[in-house]
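Accompanying notes for the structure given below.
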2 protein chains.
Amino acid sequence: MKRGQHHGALRQLLIDTALGLLDRDGVEAVTIRAVARASGVSHAAPANHFADRRALLTALAVQCFIDLRTGASAARAAASPSPRARIIAFADAYVAYALAHPNRYRMMWRMDMLDPGDRALADLVDGLYAGVEEDVRALRGKDAHNAGDATTLLIALSSVVHGYVAMRIDGNFVAAIDETSGKPRHEAIIEQMIGQ
Amino acid sequence: MKRGQHHGALRQLLIDTALGLLDRDGVEAVTIRAVARASGVSHAAPANHFADRRALLTALAVQCFIDLRTGASAARAAASPSPRARIIAFADAYVAYALAHPNRYRMMWRMDMLDPGDRALADLVDGLYAGVEEDVRALRGKDAHNAGDATTLLIALSSVVHGYVAMRIDGNFVAAIDETSGKPRHEAIIEQMIGQ
DNA sequence: GTCATCCGATTGACAGCGTCAATACAAGGG
DNA sequence: CCCTTGTATTGACGCTGTCAATCGGATGAC
């Protein structure tokens with residue numbers, strides 16, 4: 001055993017416990033001492049696995065970004081090969097994850113509480129829309145009558161998805177059906193942006 | 001003098017001091033004690049004006065929302081009476097405010113740190129896009145070839161503006177010019193959403 | 001003019017927090 | 001067998017928000 005007698009066991013326990021506290025009471029409740037208490041260890045035990053609270057929250061964010069990307073990418077891959085369908089499937093799964101885990105999603109974008117120099121986190125954020133980027137370029141390639149370059153459309157899509165979800169989570173508007181299309185509002189928005 | 005010898009003076013001083021700390025070091029630095037210290041009063045003096053830290057942050061958010069709405073609404077009113085121009089002017093001013101005061105904008109949407117029951121705050125958030133809503137309805141009324149109802153378009157606009165700004169503030173993408181339109185990216189996005 | 005009242009500010013205390021230092025303990029390698 | 005290494009504990013520090021008790025000065029009544 002290379003790295004201590006049960007290295008990794010407490011680390012994962014702390015992460016799982018912290019996610020429970022996060023889901024229940026929000027990121028403010030995820031304190032090192034509260035996580036240690038809920039995990040049954042002393043208040044300084046987490047220091048062996050996370051340098052400080054920022055490192056703990058960063059590890060949580062990495063875990064959540066992996067979950068989000070895995071879910072959304074799987075939904076995209078399972079959709080029909082048309083770029084439109086893949087983009088919508090991705091956005092649907094993305095929105096579903098965020099609304100199902102509002103405290104996690106909020107924490108994932110609390111960049112002032114996370115470690116901006118963390119490579120894993122930065123890579124996950126940068127690569128979140130990697131698959132969608134291909135879809136957007138495919139869409140733009142075969143359907144050039146829409147104005148705007150592909151990068152602008154990708155940024156528009158990620159902006160509207162993030163903004164919609166953030167507003168929904170904060171209760172600024174509620175789930176609704178678009179009147180003219182009869183589809184969930186966020187789907188109607190995405191469809192309108194990528195053209196019909 | 002109805003309400004004490006210099007009631008209101010310290011309150012406003014605390015708010016101004018707190019905004020300074022917020023701009024410099026972020027919302028985490030806006031603690032009651034730090035604000036009191038920087039204002040030259042004892043650590044418990046703010047309690048006479050703000051019940052707790054949440055109330056202080058809520059007062060800051062109210063102030064900032066007023067500033068944002070005033071600026072964006074003024075820009076909208078100063079624009080040509082065409083709905084398109086007014087929406088774009090509003091969005092431009094909105095984005096400019098958020099990018100000029102990133103810590104303020106972040107704090108304004110930290111609903112978990114603010115008082116969700118505060119009437120003034122709720123009214124400001126609800127009424128942020130009041131003017132734009134009229135423009136969107138005017139746009140939909142005279143230009144019905146676009147799909148989607150007006151409410152969906154308004155939500156799409158507010159979502160994309162908020163999401164774009166949040167991502168920019170967090171450094172997830174940078175200022176850029178849309179290749180095909182030659183305009184700032186956020187303008188190109190808005191124009192594409194409301195039709196040319 | 002004097003006094004009572006009251007609002008605002010101060011001081012002091014408490015628990016909880018992050019973090020650091022010192023210590024204890026168990027396992028593995030020389 | 002000892003000693004190094006990594007993990008967990010205990011204790012302490014200063015910071016935070018919040019509460020209670022106190023003080024002080026200006027207002028208003030008389």
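Naming convention: chains lettered A, B, ... in sequence-line order (proteins, then strands); numbering from 1 in each chain.
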Ion pair check, [X] and [Y], cut-off under 4.0 Å:
{"X": "A:Arg110", "Y": "B:Asp112", "value": "yes"}
{"X": "B:Asp123", "Y": "B:Arg69", "value": "no"}
{"X": "A:Arg84", "Y": "A:Asp135", "value": "no"}

Worksheet item: Do the side chain of A:His43 and the base of D:dG11 come within less than 3.5 angstrom through a donor-acceptor pair of N or O atoms?
Response: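 Answer is yes: a donor-acceptor pair is held.
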Go through residues 27-40 of chain A and report each residue with a non-hydrogen atom lying under 4.0 Å from DNA chain D, sorted by number.
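Contacting residues: A:Arg33.
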Whole-Å distance separating the [atom1] atom of [X] from the [atom2] atom of [N]:
{"X": "B:Leu14", "N": "D:dG17", "atom1": "CG", "atom2": "P", "result": "13 Å"}
{"X": "B:Arg53", "N": "C:dC17", "atom1": "CZ", "atom2": "C1'", "result": "13 Å"}
{"X": "B:Met113", "N": "D:dG17", "atom1": "CE", "atom2": "P", "result": "11 Å"}
{"X": "A:Phe50", "N": "D:dT7", "atom1": "CZ", "atom2": "C1'", "result": "14 Å"}
{"X": "B:Asp52", "N": "C:dG16", "atom1": "CG", "atom2": "C1'", "result": "16 Å"}
{"X": "B:Leu21", "N": "D:dT16", "atom1": "CG", "atom2": "C1'", "result": "15 Å"}

>> Centroid separation under 6.0 Å, is that true for the rings of B:Tyr105 and B:His162?
In response: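 Yes.
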inquiry  = Of the listed nucleotides (C:dG18, D:dT9, C:dT10), which one gets closest to any side-chain atom of A:Ala44?
reply    =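 Selected nucleotide (nearest to the side chain): D:dT9.
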query: Does A:His49 have a side-chain nitrogen or oxygen under 4.0 Å from the phosphate oxygens OP1 or OP2 of D:dA8?
result: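 For D:dA8, OP1 or OP2 has a side-chain N or O of A:His49 closer than 4.0 Å.
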Quick check on D:dG6: is either OP1 or OP2 less than 4.0 Å from any side-chain nitrogen or oxygen of A:Asn48?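 No, A:Asn48 has no side-chain N/O under 4.0 Å of OP1/OP2 on D:dG6.
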Tell me, with the steps shown, if A:Arg104 and A:Asp23 meet salt bridge (charged side-chain N to carboxylate O under 4.0 Å, His left out).
CA-CA 7 Å; A:Arg104 298 192 190 195; A:Asp23 286 336; 2.7 Å; yes
Under the side chain to side chain contact (heavy atoms under 4.5 Å, CB included) rule, what do A:Ile15 and A:Val35 come out as? Steps first, then yes or no, please.
CA-CA 9 Å; A:Ile15 289 181; A:Val35 172; over 6 Å; no
Exercise for the section: Indicate the atoms forming the closest heavy-atom contact of B:Phe173 with A:Ser158, along with that distance. Expected result: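 Scanning both residues, the minimum pair turns out to be CE2-OG, 4.1 Å.
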*With nearest nucleotides of DNA chain D determined for A:Ala45 and B:Ala47 from heavy-atom distances, which residue corresponds to the more 5′ nucleotide?*
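Result: A:Ala45.
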